[in-house]
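What follows is a short report on a single structure.
Just so you know, these numbers use all the heavy atoms, side chains as well, and skip hydrogens, waters and symmetry mates.
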Amino acid sequence: FVTVMDLDKVLHKVEDSEIPQINKDIAIGYKKIEELEKQMTDMRIRFAEISSPGHPTNRPYYPPDK
C-alpha cells in the first residue's frame, strides 16, 4: 500500500511540475528554431543579392573618361 501511495505522489509531481516545464522548454526550443530559420532565409537572400551579376561588387570598375 505504501508503494502505491509513493507512486501516486511521484506521478503527481511529474504531472504538476515536470511536464509543464518540459513543455515550456520545448516551446522555447521551437521559437529558437524559428528565429534561426528566419536568419538563414535572410542570409540566403543577402548571399543571392551579393552573388548576382548585377551587384556593384561584381561589375568591373571602369574609371570615368576624362
Side-chain angles (χ1 to χ4, degrees):
F1 183 73
V2 174
T3 306
V4 173
M5 289 187 67
D6 289 339
L7 287 174
D8 191 47
K9 287 179 184 178
V10 171
L11 177 64
H12 285 294
K13 178 183 174 190
V14 170
E15 288 177 344
D16 294 340
S17 64
E18 293 178 17
I19 291 177
Q21 182 61 41
I22 291 169
N23 287 337
K24 181 180 174 185
D25 292 344
I26 290 171
I28 290 170
Y30 277 121
K31 185 176 179 181
K32 288 181 180 180
I33 289 172
E34 289 175 1
E35 290 172 4
L36 286 173
E37 287 175 344
K38 184 180 182 307
Q39 289 177 356
M40 288 295 297
T41 301
D42 292 344
M43 289 174 62
R44 287 183 181 131
I45 291 169
R46 289 184 192 148
F47 179 76
E49 289 173 350
I50 290 171
S51 62
S52 71
H55 194 272
T57 59
N58 293 328
R59 293 188 212 152
Y61 174 73
Y62 297 107
D65 294 329
K66 290 185 182 180

query: Same cluster or not: are I19 and V10 linked, directly or through other Ile, Leu, Val, Met, Phe, Trp or Tyr residues, by side-chain heavy atoms under 4.5 angstrom apart?
result: yes
Donor-acceptor list for residues 37-44 side chains, cut-off 3.5 Å, not counting sequence neighbours:
unit_1, atom_1, unit_2, atom_2, d
K38, NZ, D42, OD2, 3.4
T41, OG1, E37, O, 3.0

query: In chain order, what residues pass the side-chain hydrogen bond (donor to acceptor under 3.5 Å, both in side chains) check against D8, with sequence neighbours excluded?
result: H12
Kindly list each side-chain donor-acceptor pair under 3.5 angstrom involving residues 23-35, sequence neighbours excluded, with atom names and distances?
unit_1, atom_1, unit_2, atom_2, d
D25, OD1, Q21, NE2, 3.0

